[in-house]
Amino acid sequence: MRIKKVQLTNFRNHADSSLEFSTGLNFITGANAQGKTSVLEALSYICLTRSFLQQSDSSVAKLGGDNFSVDATIETEKNVTNRVRVAYEANAGKKYFLDSNEVRKSSEVIGLFPIVVLAPGDFALTGGAPSERRVFLDIVLSQVSRSYLEELTEYRRALKQRNKILLDGKLNNILDGDLLAAWTSALIAHGTKIVSRRFSFVEEFSGIFSDAYRSLVESGETPWLKYEPSFALEGDIENDFRKSLNALSKIERSRGSTLAGPHRDDIGFFLNGIPIKEFASQGQHKTFLVALKVAESRYIKQKLGETPAMLLDDVMTELDLTRATKAIRTVTGLGQAFITATDMLSFDDKIVDMQDVKFHSVKEGSVVYEHA
Ligand SMILES: Nc1ncnc2c1ncn2[C@@H]1O[C@H](COP(=O)(O)OP(=O)(O)O)[C@@H](O)[C@H]1O
Ligand SMILES: [Mg+2]
């Protein structure tokens with residue numbers, strides 16, 4: 001997939017910016033707070049229907065206004081050219097258009113134009129809370145499988161309802177047992193599918209990931225990933241999930257929330273059999289993260305036949321020069337890439353000289369020049 005051009009209208013500090021991209025490497029340069037990340041964020045709206053920064057649509061509209069839009073032209077690997085528009089208005093909400101047709105369900109879009117994002121917030125992925133790793137799983141799986149995304153939406157609905165009933169029971173001392181049982185069944189049905197999909201994903205992804213890791217460090221370390229459910233798994237996911245909820249039922253009622261299920265699962269990251277949380281250096285964490293993103297791209301390509309665009313935000317501030325250079329080289333071998341940077345001086349000439357490179361310089365919410 002290649003994003004040919006994008007136009008941002010009233011998008012953060014961009015009043016009206018147009019960019020035409022190279023099909024290879026695109027550097028978006030400029031000083032701090034000029035609007036570089038916003039360009040990547042706009043691409044995220046086009047490809048994932050929302051910001052990768054997990055922020056509300058209303059915060060994106062240019063200050064003082066109540067609307068924004070992003071228009072893009074994308075060419076797929078099947079050589080189909082699509083025009084995509086995302087338009088937000090405070091009173092009408094957000095609308096997504098594919099070739100002028102409104103698409104109402106985001107699950108119908110997510111996965112058509114896959115992306116892999118590496119942004120400063122991702123550096124919590126390897127060492128931070130389990131929720132970070134669940135987001136990683138869900139974003140990859142949602143892009144490769146519409147049914148996964150739909151299961152996830154149903155699961156979240158059941159979880160919300162079930163938690164509400166449990167909390168009502170706790171606060172008001174009345175609990176509708178039948179209603180709770182109904183939502184528990186829904187939770188188990190959707191949860192089982194999610195856990196099962198995540199298990200097979202981690203199994204399949206682990207090999208792709210080890211290869212990516214070894215290509216980045218050329219060391220003898222053996223990296224490994226393991227899915228870690230929040231309930232004791234002895235054989236059958238559905239039975240064991242149900243058993244665990246039964247066993248937890250008293251504590252769930254006293255706490256007023258659901259204590260087991262895919263919303264509390266984790267993935268363990270290991271190097272030579274030891275959890276990286278326990279011993280890995282900062283550098284190893286960072287290499288692990290870059291390898292996860294490289295593997296994510298390869299996995300998505302394998303599943304969809306469409307090469308994801310890579311969005312690298314501010315990697316220079318998080319990675320040292322050697323790692324950043326290696327990461328950029330590896331990433332550009334994968335397909336189209338968008339990389340923000342405050343200056344190009346630190347990159348070695350080979351990167352700047354690469355074929356198919358374009359520079360887009362951003363200043364105060366405008367594109368001041370573009371050149372190849
Ligand atoms: N809704 C908004 N309206 C106007 N300006 C915004 C909005 N949201 C953020 N900004 C501003 O936009 C500027 C650009 O942000 P960003 O793209 O993150 O910059 P960069 O990545 O170049 O450091 C910042 O100065 C920020 O304060
Ligand atoms: Mg930025």
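This one's a predicted model, so the numbers in the text were calculated from it and none came from an experiment. Positions are given from 1 along the sequence. Order of listing sets the numbers, starting from 1, for every ligand and every atom in it.
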Atom pairs and distances, ligand 1 N/O vs protein N/O under 3.5 Å:
residue, atom, partner, partner atom, Å
ligand 1, 1 (N), Ser59, O, 2.9
ligand 1, 1 (N), Ala61, O, 2.8
ligand 1, 3 (N), Arg12, O, 3.3
ligand 1, 3 (N), Leu63, N, 2.8
ligand 1, 8 (N), Arg12, NH1, 3.2
ligand 1, 17 (O), Lys36, N, 3.4
ligand 1, 17 (O), Thr37, N, 3.3
ligand 1, 17 (O), Ser38, N, 2.9
ligand 1, 17 (O), Ser38, OG, 2.6
ligand 1, 19 (O), Gly35, N, 3.2
ligand 1, 21 (O), Thr37, N, 2.8
ligand 1, 21 (O), Thr37, OG1, 2.7
ligand 1, 22 (O), Gln34, N, 3.1
ligand 1, 22 (O), Gly35, N, 3.0
ligand 1, 22 (O), Lys36, N, 2.9
ligand 1, 22 (O), Lys36, NZ, 2.8
ligand 1, 23 (O), Ala33, N, 2.7
ligand 1, 25 (O), Ala33, O, 3.2

Side-chain ion pair, Arg2 and Glu75, N-O less than 4.0 Å = yes
task = Could you tell me which residues satisfy side chain to side chain contact (heavy atoms under 4.5 Å, CB included) with Ser107, sequence neighbours excluded, listed by chain and number?
result = Lys105, Arg146, Leu149, Glu150
query = Any luck finding a side-chain donor-acceptor pair between Thr23 and Asp356 under 3.5 Å?
reply = yes
task = Less than 2.8 Å from the Mg ion (ligand 2) is the window; count the protein N, O or S atoms in it.
result = 1
ask   = Should Glu252 and Arg162 count as an ion pair when the cut-off is N to O under 4.0 Å?
value = yes
Ion pair Lys4/Glu20, N-O distance below 4.0 Å = no
task = Begin from the C-alpha positions of Gln7 and Ser17 and carry the test side chain to side chain donor-acceptor pair (under 3.5 Å) through to its verdict.
result = CA-CA 6 Å; Gln7 166 143 15; Ser17 294; over 6 Å; no
inquiry  = Check this for me, if you would: do Arg198 and Asp138 make a salt bridge, where the nitrogen-to-carboxylate-oxygen distance has to be below 4.0 angstrom?
reply    = yes
query = Is a salt bridge present between Glu102 and Arg104, judged by a nitrogen-to-oxygen distance below 4.0 Å?
reply = yes
ask   = For residues 177-200, which residue pairs qualify under ring pair (Phe, Tyr, Trp, His ring centres under 6.0 Å), counting only residues two or more places apart or in two chains?
value = Phe199-Tyr227
